[in-house]
Structure formats: structure tokens, C-alpha cells
S.K.: 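I'd like to ask you about the structure that follows.
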Amino acid sequence: MRIAAGVACVGIMFGVARAAESPAVDHPLLHSIAGDIRAYELEATITHLVAFGTRHTLSDTVSPTRGIGAARRWVKSRFVEISRHCGGCLKIETPVQTISGERIPKAASVMDVLAIQRGTSDPDRVIVISGHIDSRVTDVMNATNDAPGADDDGSGTAAVLEAARVLSRHKFAATLVYAVLSGEEQGLYGGKLLAQYAHDHQWQVEADLNNDIVGNTTGENGVSDSTHVRVFSEGTRSTETPEEAARRRYNGGEVDSASRNIVRFIAGLADHYLTNFSARMVYRTDRYSRGGDQVPMLAAGFPAVRFTEAIENYTHEHQDVRNAGNVEYGDLLKFVDFPYLAQVTRLNAVAMAAMALAPAPPATLKIEGSVAHDTTISWTPTSGAANYRVWWRDTTAPFWTDSRAAGDATSLVLKDITIDDWFFGVSSVSADGYESPVEFPGVAGAFVAPTSPAAR
Ligand SMILES: [Zn+2]
């Protein structure tokens with residue numbers, strides 16, 4: 001197909017590979033959560049954040065009006081206010097660590113602000129949404145100049161607060177965590193602190209949805225896209241041992257980490273619950289040679305993905321606020337597309353609710369059937385699962401295509417479907433039809449891998 005150049009065609013260009021598996025059951029609650037996300041709430045949050053001048057990790061922590069200390073205290077006060085409206089449903093924690101490093105030459109405190117909404121029946125299982133509050137200008141060590149950070153990452157922080165505002169009105173089986181992180185620009189310190197906190201509190205993190213740079217829709221090259229968000233995921237687990245890697249290389253699994261199956265799940269939700277908005281799966285841990293706070297979570301063995309706008313604008317990111325050569329540089333409030341950010345936030349909130357209302361994906365998944373015409377897939381039961389669904393797809397297909405209900409059994413024989421030719425997976429389904437992401441068999445696809453630091 002020949003595609004003419006121009007803004008109008010961007011949706012078509014990026015829409016070619018869409019065919020995400022659709023949820024089997026339509027849930028009115030998820031539509032209502034999507035409908036409750038408000039662009040003006042997101043705008044109000046970022047307006048507040050920008051007003052702190054700079055939120056650089058090494059900026060003033062004492063002033064009531066300027067610097068990262070004031071900004072963090074304001075976020076905490078917002079969580080307190082949200083919690084007041086849900087009968088105290090949020091527990092607010094501020095883990096802190098004194099850090100020094102290449103970009104923190106003099107020891108400084110890095111503090112995260114976490115709001116924890118405890119699950120009703122499965123509280124150890126945790127779904128996280130995260131964004132980073134710290135901002136920067138051209139010189140990453142400049143802690144005094146104005147660094148508005150409206151998009152990077154005021155947008156992610158606003159998404160976290162808005163998800164908390166809307167989701168705290170409902171009850172979920174699993175625990176939801178709303179995480180506002182610091183120290184990202186100095187070396188992903190807030191993400192490391194979150195991973196450590198999750199490990200220390202024995203959280204079974206099913207997913208961290210990290211939102212970083214999610215509010216821009218036009219690049220400095222003139223290309224616009226307001227109908228997609230990129231979602232990045234690692235292919236093979238960061239915590240894989242050499243033996244696990246050898247087995248995976250032979251039998252497959254390089255595109256089926258838990259993180260990647262979370263993105264497939266998210267892509268299906270976007271197609272079903274959002275209007276004119278899709279998730280673009282990118283088979284990379286992050287943008288090329290760049291990083292974010294999902295990386296330390298992956299290193300700790302937790303499934304994690306990164307949301308980033310479809311089109312970045314590099315004259316706005318990490319720039320001194322200035323005019324040069326007819327170009328306005330700087331990460332300013334006026335460049336954020338709030339209706340677009342609302343769509344990204346809707347997708348996050350729907351995904352968190354969908355996962356937290358569903359049971360965990362099945363544990364200890366096995367497939368057997370070599371030198372046979374049938375494939376047998378088996379799993380251990382999951383708490384809260386009323387039944388299970390077995391999925392399979394061609395080994396080169398991006399999304400799960402075929403499925404069969406397994407009832408409440410813990411194994412299923414797929415007659416005349418040979419193990420050699422397909423990839424297989426299983427999802428858990430609650431009595432009211434909430435379905436988990438699909439899990440791929442073995443350590444390669446496990447949501448809680450036995451070799452992960454998190455499982456030790
Ligand atoms: Zn960022």
C-alpha cells in the first residue's frame with residue numbers, strides 16, 4: 001500500500017498491525033472508569049507541578065513554594081485528600097534513601113511518595129502505576145534554573161494522581177499502588193527504591209505500568225499522532241539464568257515475557273474500552289538506548305512496562321527554557337495535549353482495574369506433547385479463579401488468536417494441535433468474567449519466576 005506523506009496518514013501507518021485479542025466479556029465498570037478520567041484534572045495537576053519552578057532531585061527541599069520538597073509534599077497532600085473521599089482507603093508511604101552517585105556528587109535524599117489501596121481478597125498481589133516527579137534542564141546537574149517538566153514527567157505524575165482519584169472509588173481484589181518517584185533523571189533512583197520497597201514488603205507485583213512522557217502529540221518535524229500510545233516491554237526476562245536462556249533459545253519464549261503479555265492484554269483493552277485510541281506494542285524494554293523507572297523493577301524480577309507518547313518532541317525534553325532560531329525550547333505546560341493525556345490515563349486505569357478484578361495468571365504452567373499429535377497444557381490452580389482459558393497462536397503472530405475454555409480443570413488436551421507449531425498460554429478467569437493476562441509456560445513467561453530476586 002502506498003501511503004502519502006502527511007499528518008492525516010499517521011493513524012493509518014501505525015494502525016496496520018492491529019489485531020489484539022478482544023476481551024470475551026464486556027464489563028460496564030471498566031467503561032465507567034474510563035469515562036471518569038478528566039482532562040481538566042490532569043491539567044490542574046500539571047499546572048501545580050510546573051508552579052514549583054524546578055523539581056530537580058537536588059533542588060530545594062525546604063521552601064514551601066519552590067523545589068522538589070514542596071512538590072512532593074503537595075503530591076502527598078493530594079493523596080490525603082483523595083483518601084478522605086474514600087473513607088481513608090489509601091495508606092501513604094514515603095520511603096527515603098540517602099544516595100550518592102555520578103549524578104549525585106554530594107549525598108542527597110531520594111524520596112518516593114506511594115499511596116497504597118489494599119486489595120479486598122488478594123492483598124499481596126500488587127498492580128503499580130508509576131511516574132516520576134523530578135525534572136531537569138539541559139545540564140542534568142543544574143538544580144536551580146526553572147525546569148517545568150510538564151511532559152517529562154508531569155504528565156506521568158498527573159496520570160498517577162488521576163488514576164488514584166478515579167480508582168479509589170471502587171474496591172478491587174488485588175492491591176493498587178500509586179507511585180510518584182524521584183531521582184529518575186539522576187539515575188533511576190526512585191525506581192530502585194520502589195523495587196526495594198516492593199521486595200521488602202513481599203509484594204507479588206503482577207505489573208508496574210510506568211508512565212514517562214505521555215502528554216505530547218506533535219514532533220518538531222511536524223508529525224502528529226493523538227490516537228496511539230507506545231507501550232514498551234522486555235522480550236526476555238532480565239533475571240534469566242544461563243540455563244533458562246539456553247532452554248528458551250531452543251524452545252521459544254523470546255517474545256513472551258510476562259511484561260510482553262501484559263502489553264498484549266493492554267492492547268486488547270484499548271481496542272475494546274477506548275474510542276479511537278490504541279496501544280502500539282514495541283518489542284523493546286525502552287526507547288533505543290534510553291531508560292526509565294520500569295528498568296529497576298525488571299531487574300528485581302517484577303513484570304513492568306513503559307508507556308510513552310507516540311511522537312516525542314525533542315525541543316521540549318531536557319531543555320533550558322529559551323527561544324533560539326525561532327524555536328521555543330523547554331518542557332512547558334502549553335505543549336501538553338490534555339485530551340491525549342486523558343486517553344493514556346484511561347488506558348492505565350482500565351488496565352489496572354481489569355487486572356486487579358481478575359485472578360492472578362495461573363502458576364507453574366507446563367506443556368507436553370513432543371512426538372505426539374496432541375498438546376497437553378497443565379497448571380496449578382490460582383486463588384479466586386473460577387475457570388481458565390487456554391490460548392494459542394502461530395509462532396510468528398504478535399497476538400493470541402485462538403482459545404478454548406477449560407472450565408475449572410487444571411489441564412487441557414488440545415487434540416490434533418501439535419506442540420511444535422504453536423505458542424501456548426493460559427489465563428485465569430473470575431466468576432464474574434474478569435480475565436487475567438495470558439501467561440506463557442515455564443520461567444520465560446512466568447509472572448513470578450522462581451529465579452527472580454523478588455521470589456527469593
Ligand atoms: Zn522522564
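When a ligand or atom number is given, it counts from 1 through the structure's own listing order. Just so it is clear, the structure is predicted and the values come from calculations on it, not from any experiment. Position 1 is the first residue of the sequence; numbering continues from there.
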S.K.: Between the side chain of Ser428 and the main-chain N/O of Ser436, is any donor-acceptor distance below 3.5 Å?
M.R.: no
S.K.: Stepwise, does the side chain to side chain contact (heavy atoms under 4.5 Å, CB included) test hold for His132 with Asp152?
M.R.: CA-CA 8 Å; His132 71 86; Asp152 186 11; 3.0 Å; yes
S.K.: Say whether, by atom type as modelled, one donor and one acceptor occur between the side chain of Thr175 and the main chain of Gly119 under 3.5 angstrom.
M.R.: yes
S.K.: Does the Lys NZ or Arg CZ of Arg322 fall within the cation-pi geometry relative to Tyr329 - under 6.0 Å from the ring centre and within 45° of the axis?
M.R.: yes
S.K.: Can an N, O or S atom be found in Asp212 less than 2.8 Å away from the Zn ion (ligand 1)?
M.R.: yes
S.K.: What's the atom name of the N, O or S in His132 nearest to the Zn ion (ligand 1)?
M.R.: NE2
S.K.: Just checking: Asp152, one of its N/O/S atoms, less than 2.8 Å away from the Zn ion (ligand 1), yes or no?
M.R.: yes
